[in-house]
Protein chains: 2
Amino acid sequence: MVVYAGQGDARRSMDLMWGHRGQDSRTAPGPKPALSVEAIVHAAIGVADDDGMGGLSMRAVGQRLGRTAMALYTYVPTKGDLVDLMYDRVLGELPTHYDVGFGWRGTVTSWAEDRLEFHLRHPWTLQVSQARPVLGPNEFAALETVAEILHRTDLGPRQLRGILGVVLHFVRGQAQTIAEAREAAMATGVSDEEWWYARSPLLAEVAPDFARRFPMAVRMEEEKPGPGEGEVYMESAISESFAVGLEVILDGIDATIAKAGRG
Amino acid sequence: MVVYAGQGDARRSMDLMWGHRGQDSRTAPGPKPALSVEAIVHAAIGVADDDGMGGLSMRAVGQRLGRTAMALYTYVPTKGDLVDLMYDRVLGELPTHYDVGFGWRGTVTSWAEDRLEFHLRHPWTLQVSQARPVLGPNEFAALETVAEILHRTDLGPRQLRGILGVVLHFVRGQAQTIAEAREAAMATGVSDEEWWYARSPLLAEVAPDFARRFPMAVRMEEEKPGPGEGEVYMESAISESFAVGLEVILDGIDATIAKAGRG
DNA sequence: AGAGTCTCTTTATGGTGTAAAGTGATGCCT
DNA sequence: AGGCATCACTTTACACCATAAAGAGACTCT
């Protein structure tokens with residue numbers, strides 16, 4: 001379930017996103033609006049946080065506000081626009097300033113951890129398409145923040161864009177793996193361990209020559225960590241791979257800086 | 001639209017995936033089956049390639065075979081299982097062997113390019129959840145292939161898993177950005193340029209102090225490449241960022257090897 | 001008082017996956 | 001040969017989805 005940006009009136013979308021309330025026509029006839037875009041976005045975020053993007057329906061949001069689904073269309077042109085507003089709203093939770101006193105490595109690490117936690121707090125954000133960015137104030141603020149951190153490396157915009165892509169895709173991918181595992185567990189009522197223990201013997205049965213056919217794959221599974229404090233089994237492996245992967249990326253940035261300095 | 005693995009009977013799913021046709025009971029009463037799992041999977045891949053994951057419905061697949069949607073349920077337990085089978089089927093298109101004569105850097109680059117093209121050929125594969133892997137033969141073969149390439153770096157399984165995560169998430173993320181842009185263009189009939197040129201002036205209008213508020217974001221946009229031969233405007237920027245990002249990752253792997261050698 | 005305008009509801013349309021029941025063809029057994 | 005169990009496949013039905021269109025009622029202006 002990937003959601004696309006508002007395909008309707010570009011002006012209306014932009015006005016909504018940047019909080020342009022339109023004319024101050026407070027003496028308009030008709031009943032006073034009991035709802036507001038703010039309230040709807042807030043309720044919708046609640047629904048999405050609780051039930052995921054799959055549970056986000058206009059009916060569900062309306063119900064949370066004691067209204068019908070159609071009532072929302074007075075405030076918001078389409079569901080797509082609503083999702084855009086939700087996305088930019090929660091992006092506001094991200095820190096916009098980092099203490100760079102400890103160098104860019106530590107700062108990037110902090111940023112990546114914050115961003116990972118953010119996506120896990122609002123897993124549905126991983127389903128918002130990145131192709132046509134939402135163009136909201138908090139989206140730009142988030143971009144500004146990470147750009148500022150990376151700027152300390154003194155690299156040019158070309159390198160910066162490449163590095164940003166690596167870091168962002170890595171964090172999103174890692175978050176997606178964890179989030180999907182959690183959602184699958186919720187939806188099916190089967191934990192990762194149960195799921196795996198149901199399939200593992202079947203795999204051995206159906207592919208008895210597994211170890212011979214896929215020796216590297218078997219090797220890859222070696223030395224996996226056990227679950228840490230309060231951690232789910234599979235997530236401990238992911239958090240290890242997050243730390244290792246981030247270290248690799250940071251080393252890559254270091255090498256890029258060194259090359260740029262020489263060049 | 002993220003699709004989860006078959007939540008039904010694990011044994012049936014596995015048998016389907018590994019081609020266990022069950023008993024040879026060819027003298028069963030009733031009409032001969034005119035369809036087959038193979039044919040259904042093939043037709044479904046055709047639908048998904050043409051119309052994306054959003055266009056993949058049991059009705060659409062049935063229609064392509066001159067049947068109703070329900071006819072498919074004779075062969076396949078749920079839509080989720082069908083998607084798993086589709087996924088493992090197309091994974092078979094990936095090369096399973098690479099000439100490592102030119103060193104692991106070139107090999108990883110070739111692999112990444114092949115994988116990117118694969119995802120762009122079948123964009124719906126990006127919507128298949130990675131949390132609970134499909135556990136099909138081609139999935140393992142694909143894992144085996146990349147594991148074998150990375151094995152040349154002489155790193156341990158811990159590092160290998162981290163690096164694999166970085167590379168895979170990067171390629172998938174990059175592919176997703178391109179694929180979503182294409183799908184959005186198809187779905188809305190508005191090209192990326194048209195979309196941007198409709199919003200760019202509105203952004204200036206709605207946020208007149210943009211350059212002051214987001215100086216780094218502006219800087220980040222500098223020195224963007226124009227479209228190359230037969231390339232779409234936005235995709236040229238992405239393919240540049242793919243090359244740069246991959247280089248950063250390869251440098252990071254190099255540094256990791258160097259550290260492991262010292263340690 | 002009447003008209004116009006607004007919020008919100010009701011109803012309807014065409015889509016989804018799939019459960020349940022029905023149809024008709026086929027091959028085995030008596 | 002007749003009966004019947006078994007199969008592939010269709011029909012119908014249900015509970016959802018986004019949203020278009022029209023209606024109900026409240027409010028402020030003239």
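Heavy-atom basis, side chains included; hydrogens, waters and symmetry copies ignored. Each chain gets a letter, A, B and so on, in the order its sequence line appears, and its residues count up from 1.
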Self-check item: side-chain N/O A:Thr74 vs C:dT7 OP1/OP2, d < 4.0 Å
Solution: no

Quiz item: Is any side-chain nitrogen or oxygen of B:Tyr75 closer than 4.0 Å to OP1 or OP2 of D:dC9?
Solution: yes

From the set [options], return the single nucleotide nearest to any side-chain atom of [X].
X: A:Pro31; options: D:dT19, C:dG4, D:dA26; answer: D:dA26
X: A:Thr68; options: C:dG27, C:dT10, D:dA8; answer: C:dT10
X: A:Ala69; options: D:dA18, D:dC9, D:dT19; answer: D:dT19
X: A:Pro29; options: D:dT10, C:dG17, C:dG4; answer: C:dG4
X: B:Met58; options: D:dA18, C:dC8, C:dG17; answer: C:dG17

Exercise. Could you check A:Pro33 against B:Pro77 and say which one's nearest nucleotide on DNA chain C is further toward the 5' end?
Key: A:Pro33

Calculate the interatomic distance between [X] atom [atom1] and [N] atom [atom2]; express it in whole Å.
X: A:Tyr73; N: D:dA21; atom1: OH; atom2: C1'; value: 14 Å
X: A:Leu35; N: C:dT9; atom1: CG; atom2: P; value: 9 Å
X: B:Lys32; N: D:dA8; atom1: NZ; atom2: P; value: 9 Å
X: A:Asp81; N: D:dA18; atom1: CG; atom2: P; value: 14 Å
X: A:Gln63; N: C:dT9; atom1: CD; atom2: C1'; value: 15 Å
X: A:Leu72; N: C:dT10; atom1: CG; atom2: C1'; value: 15 Å
X: B:Lys79; N: D:dC16; atom1: NZ; atom2: P; value: 18 Å
X: B:Leu82; N: C:dT16; atom1: CG; atom2: P; value: 14 Å

Quiz item: What class does the angle between the rings of A:Phe170 and A:Phe242 fall in, given that below 30° is parallel, 30 to 60° is tilted and above 60° is perpendicular?
Solution: parallel

Quiz item: Of the options B:Leu126, B:Thr125, B:Ile178, which is the one that meets B:Leu120 in a side chain to side chain contact (heavy atoms under 4.5 Å, CB included)?
Solution: B:Ile178

Self-check item: Among B:Ile45, B:Leu85, B:Leu72, side chain to side chain contact (heavy atoms under 4.5 Å, CB included) partner for B:Ile40
Solution: B:Leu72

Quiz item: Under 6.0 Å from the CD atom of B:Gln63, do we count more than 12 heavy atoms belonging to anything else shown?
Solution: no

Quiz item: Within the modelled atom types, does a donor on one side and an acceptor on the other bring the side chain of B:Arg59 and the base of C:dG15 under 3.5 Å apart?
Solution: no

Practice problem: Starting from the C-alpha separation in whole Å, work towards a yes-or-no answer on side chain to side chain donor-acceptor pair (under 3.5 Å) for B:Thr96 and B:Glu144. | Solution: CA-CA 8 Å; B:Thr96 52; B:Glu144 183 71 12; over 6 Å; no

Quiz item: So what does B:Met70 hit on the nucleic acid, given a heavy-atom distance under 4.0 Å: a base, only sugar-phosphate, or nothing?
Solution: base

